[in-house]
There are 2 protein chains.
Amino acid sequence: MTSSYSGPQVRRATILDVAAAAGVSRQTVTRAMNDMPGISASTRERVQQLAAELGYSPSRFAKGLVQGARTSLGLAIPDLTNPYFPAFASSVVEEATQRGWNVVVDDFGHGSGSGLDAVARLGPQVDALVGYLGASSSEAQSMMGRRPVVVLDYPSGQSAGLISFDYAYAAQLALERLKSARCRRIAYLDADLEGPATTRGLAVAAAAAGAGIQLTVGQSADSAHAAREAVRSLLADEGGIDGLLVFNDLMAAGALKALRDAGRRVPEDCAVIGMDGIPLGELVTPELTTLSLDLRAVGRAAVDLVDNLMSGRIQAGSRDSELVLKHQLVLRQSA
Amino acid sequence: MTSSYSGPQVRRATILDVAAAAGVSRQTVTRAMNDMPGISASTRERVQQLAAELGYSPSRFAKGLVQGARTSLGLAIPDLTNPYFPAFASSVVEEATQRGWNVVVDDFGHGSGSGLDAVARLGPQVDALVGYLGASSSEAQSMMGRRPVVVLDYPSGQSAGLISFDYAYAAQLALERLKSARCRRIAYLDADLEGPATTRGLAVAAAAAGAGIQLTVGQSADSAHAAREAVRSLLADEGGIDGLLVFNDLMAAGALKALRDAGRRVPEDCAVIGMDGIPLGELVTPELTTLSLDLRAVGRAAVDLVDNLMSGRIQAGSRDSELVLKHQLVLRQSA
DNA sequence: TGGAAATACGTGAACGTTCACGTGCTGCAT
DNA sequence: ATGCAGCACGTGAACGTTCACGTATTTCCA
């Protein structure tokens with residue numbers, strides 16, 4: 001058996017170690033480390049030097065305990081690999097950084113975790129939570145106690161702050177566009193997720209019914225690859241489709257691939273509209289017409305809401321704690 | 001002037017508040033909250049109930065102080081919006097979560113921040129750092145003191161742990177492929193970044209010289225849009241290019257657009273090879289041949305290295321603290 | 001009915017900082 | 001000589017937990 005050397009778990013140097021080494025008191029070390037006045041230049045330098053040699057870095061816990069918390073924001077994301085989320089996360093991080101907060105992320109897509117697992121992990125570490133939680137928002141809120149929770153893209157708000165999207169409006173925009181492009185046989189490809197998918201699906205179905213459109217509905221996992229397969233078999237079953245609305249842009253990219261595989265020209269043979277407006281849409285061929293969302297604005301709104309909830313300017317569960325954002329139709333080549 | 005109500009900055013409830021409300025001691029509250037033995041079921045329930053009512057959640061600082069740190073890992077990312085990084089970040093988060101660590105991210109792309117700003121922000125909050133820092137790794141290490149630092153894609157390791165890539169090998173693979181595709185006039189589009197770009201550029205130039213290839217070099221910012229413009233003007237200046245190697249896949253996607261704009265067929269008129277192997281490459285048309293990197297493996301390697309540095313199994317600055325990964329040529333349609 | 005063991009709780013100390021003071025010393029004007 | 005200001009530094013207390021004990025009260029068997 002080779003040595004199971006467990007390494008230098010030696011006890012980190014504390015402020016007292018530095019003080020002893022320098023022959024001064026705690027407070028003088030504090031003054032040196034934090035560039036406070038009331039200390040001579042020579043002492044300051046000597047202490048800093050010694051601190052570096054001992055590998056001293058102040059305990060964030062002790063500091064936090066005595067100074068009061070620097071806010072830390074939990075960010076629960078289903079899957080950072082899905083290009084929708086980085087755009088959003090990036091904006092949250094930027095906005096939080098501007099406020100001097102820091103952001104603890106949890107990606108619960110891998111492994112069998114649900115959103116609530118992420119909340120459980122983040123809970124003890126953070127002062128507030130923002131997340132795309134497929135799970136019930138009130139569950140999350142109860143795990144966080146009085147601390148602010150903002151849930152995105154969830155059907156109906158309970159006790160938590162909520163940012164949702166006006167899918168009825170979005171669906172109407174998309175269907176109008178497809179109709180004016182003379183599409184007759186329209187399909188909607190939904191994702192097989194819990195919350196958002198059904199919401200979007202219902203909104204699209206309702207809008208179609210309202211507009212007298214007979215809608216074919218398909219479903220796939222939330223990935224380009226899965227969408228490609230789903231559209232492939234959709235085309236096999238329902239040959240005559242000439243308009244396709246897709247759950248999101250990533251899946252729409254897969255749909256474009258499937259249409260190309262089947263020899264259908266886009267938009268001539270079949271128009272395609274995606275959803276959410278991620279940068280990817282401009283890089284595929286043909287470029288994707290989409291119901292665009294300003295994802296940076298979504299992130300900003302989420303952090304703003306947290307800020308307002310934390311400061312008490314907005315009451316959790318009140319009308320003001322729910323925000324509905326609208327998509328915007330961006331015309332490119334695919335429809 | 002309307003009320004500038006500053007909200008309930010009231011002082012968070014502490015364990016003593018709960019104890020008082022329940023008529024028990026601190027310790028009993030601790031037992032109730034942490035599901036420890038030595039407490040009756042009825043008391044436990046009553047305390048938990050009261051805690052919820054008072055909105056009590058234990059201070060992570062006090063807890064951390066007395067229990068010893070739960071490891072938290074800083075992750076410094078230049079730009080989450082660039083699809084290279086989420087794939088990496090996602091893997092780091094997953095790997096860290098498995099170890100029970102949590103991850104604090106900082107995206108320093110927005111604003112004028114350099115990597116060192118991110119290190120300064122993260123430094124006080126974390127026990128170790130992983131990052132794509134354009135800045136000098138030894139600067140970062142000195143800001144972190146004895147705490148582990150792992151820098152990615154940086155030319156030469158100093159005091160910090162280092163994960164870099166064998167660009168000589170990668171360049172050779174790419175140029176061989178282009179040569180065997182009968183490309184005569186080959187260009188390399190570099191990014192205008194500090195560290196990595198020059199490294200890659202030098203490697204490509206060296207490999208070209210070694211293979212007797214005369215190389216045209218262009219440069220652009222690290223985005224699809226900028227690359228599109230750069231390739232547009234490259235084609236205007238140097239009409240005869242029939243092979244193009246690009247700094248990364250995102251820029252390669254822009255290059256594909258520019259070639260299409262100019263009426264060049266890919267790969268017939270001009271072959272294109274990207275770098276890093278992000279999922280986007282499979283979604284563009286034609287699908288992108290690329291020097292692929294297993295980004296999840298990169299994240300795994302980074303967290304492993306941090307783990308080893310932290311436990312002392314590997315000494316910072318030693319040979320073992322440097323790891324060189326190799327790209328792999330993935331043939332798709334564009335070359 | 002004695003006494004040991006189990007149960008349910010309480011108390012001092014410690015974690016590592018910073019804050020709000022307090023103290024000694026030097027220099028300088030009166 | 002006296003007083004007073006300013007500088008450089010030190011000390012008790014506090015932040016909110018948990019840990020390692022200690023202590024009543026009850027239980028249960030011989």
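Numbers restart at 1 for each chain; the letters A, B, ... are given by sequence-line order, proteins then strands.
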Test item: [X] side-chain N/O and [Y] main-chain N/O as donor-acceptor pair under 3.5 Å:
| X | Y | value |
| --- | --- | --- |
| Asp106(B) | Ala76(B) | no |
| Arg26(A) | Ile15(A) | no |
| Ser72(B) | Gln125(B) | yes |
| Arg44(B) | Met36(B) | yes |

### Message
Any base atoms under 4.0 Å from Thr30(A), or only sugar-phosphate, or nothing? Heavy atoms, all strands.
### Response
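It contacts base atoms.
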Which whole-number value in Å describes the distance from [X] [atom1] to [N] [atom2]?
| X | N | atom1 | atom2 | answer |
| --- | --- | --- | --- | --- |
| Gln67(A) | dA13(D) | CD | P | 21 Å |
| Phe61(B) | dT18(D) | CZ | C1' | 17 Å |
| Asn34(A) | dC9(D) | CG | P | 16 Å |
| Leu16(B) | dC15(D) | CG | P | 9 Å |
| Leu65(B) | dG16(D) | CG | P | 12 Å |
| Met36(B) | dC19(D) | CE | P | 5 Å |
| Arg46(B) | dC9(C) | CZ | C1' | 12 Å |

### Query
Under 4.0 Å between a Lys/Arg side-chain N and an Asp/Glu carboxylate O for Asp17(B) and Arg12(B)?
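No, no charged N to carboxylate O under 4.0 Å.
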#### Entry: Salt bridge flag under 4.0 Å for residues Asp304(A) and Arg99(A)
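Salt bridge: yes.
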Which nucleotide in the set [options] lies at the smallest distance from any side-chain heavy atom of [X]?
| X | options | result |
| --- | --- | --- |
| Gln27(A) | dT18(C), dG16(C), dA14(C) | dT18(C) |
| Ser59(B) | dT18(C), dT17(D), dC15(D) | dT17(D) |
| Ser40(B) | dC9(C), dG16(C), dG16(D) | dC9(C) |

Whether [X] contacts [N] is assessed here as follows: a side-chain N or O lying under 4.0 Å from the phosphate OP1 or OP2. Is that the case?
| X | N | answer |
| --- | --- | --- |
| Lys63(A) | dT18(C) | yes |
| Thr43(B) | dC9(C) | yes |
| Ser25(B) | dG10(C) | yes |
| Thr28(A) | dG10(D) | yes |

### Task
With DNA chain D as reference, determine whether Arg26(A) or Ile39(A) sits nearer its 5' end, using the nearest nucleotide of each.
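Closer to the 5' end of DNA chain D: Ile39(A).
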Identify all pairs in which a protein N or O lies below 3.5 Å from an N or O of nucleotides 22-25 of chain C, and state each distance.
none

### Along DNA chain C (nearest heavy atom to each residue), the more 5'-positioned of Val66(B) and Arg44(B)
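Checking each residue's closest nucleotide, the 5'-ward one belongs to Arg44(B).
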### Task
Quick one: which residue pairs count as a ring-ring contact (aromatic ring centres under 6.0 Å, His included) with a foot in residues 21-79 of chain A, not counting sequence neighbours?
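As it turns out, there is no ring-ring contact (aromatic ring centres under 6.0 Å, His included) pair with a partner in residues 21-79 of chain A once direct neighbours are skipped.
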